[in-house]
Amino acid sequence: MKLADLPAELQQRLPAVDEALERRYRPVYEKFSDVMPVEEWLTRLPLVAAINDLKAERDAVVMAHNYQTPDIFHGIADATGDSLALARMAADVDAGTIVLCGVHFMAETARLMAPDKKVISPDPMAGCSLASGITAADVRALKARHPGVPVVAYVNTTAEVKAEVDVCCTSGNALDVVNALGAPRVIMVPDGYLARYVAERTSVEIIIWEGRCEVHERFTAEEINQFRDESGTWVMAHPECSPEVIDASDYVGSTAGMIRELKTRRPPRVMLLTECSMADNVREAVPDTRFVQPCNLCPHMKRITLEKTLMALWAGSPEVEVAEDLIAPARRSVQAMFELTAVRAA
Ligand code: 13P
Ligand code: SF4
């Protein structure tokens, strides 16, 4: 969807870019002016301003994942974070509507955690290769093959899958969740690499489902080694990367974990083995750090744009629905994650 595709009524709401508007949003733009030319920003600015004005009218908050583009992340989001933080924050939202700028499983999780709220996704087709890599029938078959073994599902799954498992986890707490279960064997779905990452750090035997993140599986240890020779390059990887990449990295953690570590360590040079927008979003917090490539784009995250967000907020749709009979069991798995890791969700 391009700006010209917005309905005429909505186009009329877009403010003209004048000096006052530019001045009002200058502190926002300064956070990512290194990665977006001013000419491009000036085409984004009316959308950003219109969304922020409309949020108040619609009693809505915008929650954005760390992989959203900086115009969304810094320009319109009321709350940002990794999957764990977004799920937690959804449970605490006061506004009547949540606009979730992230992929579909994140919007669905927000729906589970805030069942009395309206949850809107700017593009419900924003999928995830992990979430589409396993079905509820697959989980039932696994349970039949391994009776009595608890099943841990990465939050990157559909509500149908969440409803079948014992507990969810995110990249930020997978190891804690597995250890807290106190079971000798655990089934982990759907990310085979996250499961291996956990298996190497626990005495619990892990039964692995071989799903993959199509973005993180593309990183290689060779790419790391190419940059290793250059002095002071600190390498941070997401646990969805392959074991060889994880072994070659200095830090492994969720997107929020990476941000925390970066702010504390403030390395002179860093390589983030994760989605490209992470570096664009966090660089303002660590101005003395240089970010070196490589990075990979998530095509699903990139389906979310300012145009679609404005359209969705204005129309109050598409709403994210979860079948009535799935809400309680799927929510229970997310809630069990919070309880097991002693974090209050709601
Ligand atoms: P985080 O929970 O670490 O933000 O990861 C979500 C995700 O989809 C990573 O690819
Ligand atoms: Fe899914 Fe990978 Fe995209 Fe994250 S980066 S949303 S795991 S496809």
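Read the numbers this way: they start at 1 and go in the same order the structure lists the ligands and their atoms. Numbers here are sequence positions counted from 1.
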N-O pairing of Glu214 and Arg212 below 4.0 Å | no

Look at Glu307 together with Arg44 and state whether they make a salt bridge at an N to O cut-off of under 4.0 Å.
-> yes

Is it true that Glu339 and Arg332 make a salt bridge, defined as a side-chain N closer than 4.0 Å to a carboxylate O?
-> no

Between Phe32 and Trp41, how do the two ring planes meet: parallel, tilted or perpendicular, split at 30° and 60°?
-> perpendicular

Rounded to the nearest 0.5 angstrom, the NE2-CE distance for His74 and Met36 is 10.0 Å

Cys128, portion touching ligand 2 at heavy-atom distance under 4.0 Å | both

Is atom 3 (Fe) of ligand 2 less than 2.8 Å from an N/O/S atom of His300, whether that atom is in the backbone or a side chain?
-> no

One finds that the ligand 2 atoms under 4.0 Å from a non-hydrogen atom of Asn156 are 7 (S)

Note: Ser171, heavy atoms under 4.0 Å from ligand 1, region reported as side chain

Pair Lys55 + Asp78: basic N to acidic O under 4.0 Å = yes

Looking only at protein heavy atoms, which one is nearest to atom 7 (C) of ligand 1, and how far off is it?
-> Glu240 OE2, 3.7 Å

Strictly under 4.0 Å, does any heavy atom of Glu275 approach an atom of ligand 2?
-> no

Of Ala174, Gly81, Ser83, Cys169, which has the heavy atom at the shortest distance from atom 2 (O) of ligand 1?
-> Ser83

Quick one: does ligand 1 sit under 4.0 Å from the side chain of Glu275, the backbone, both or neither, non-hydrogen atoms only?
-> neither

Test: Glu108 and Lys162 ion pair at under 4.0 Å = no

Does His216 bring an N, O or S atom to under 2.8 Å of atom 2 (Fe) of ligand 2?
-> no

Non-hydrogen atoms of Asn156 versus ligand 1: any pair closer than 4.0 Å?
-> yes

Which protein non-hydrogen atom lies closest to atom 2 (Fe) of ligand 2, naming both residue and atom, and how far is it?
-> Cys213 SG, 2.3 Å

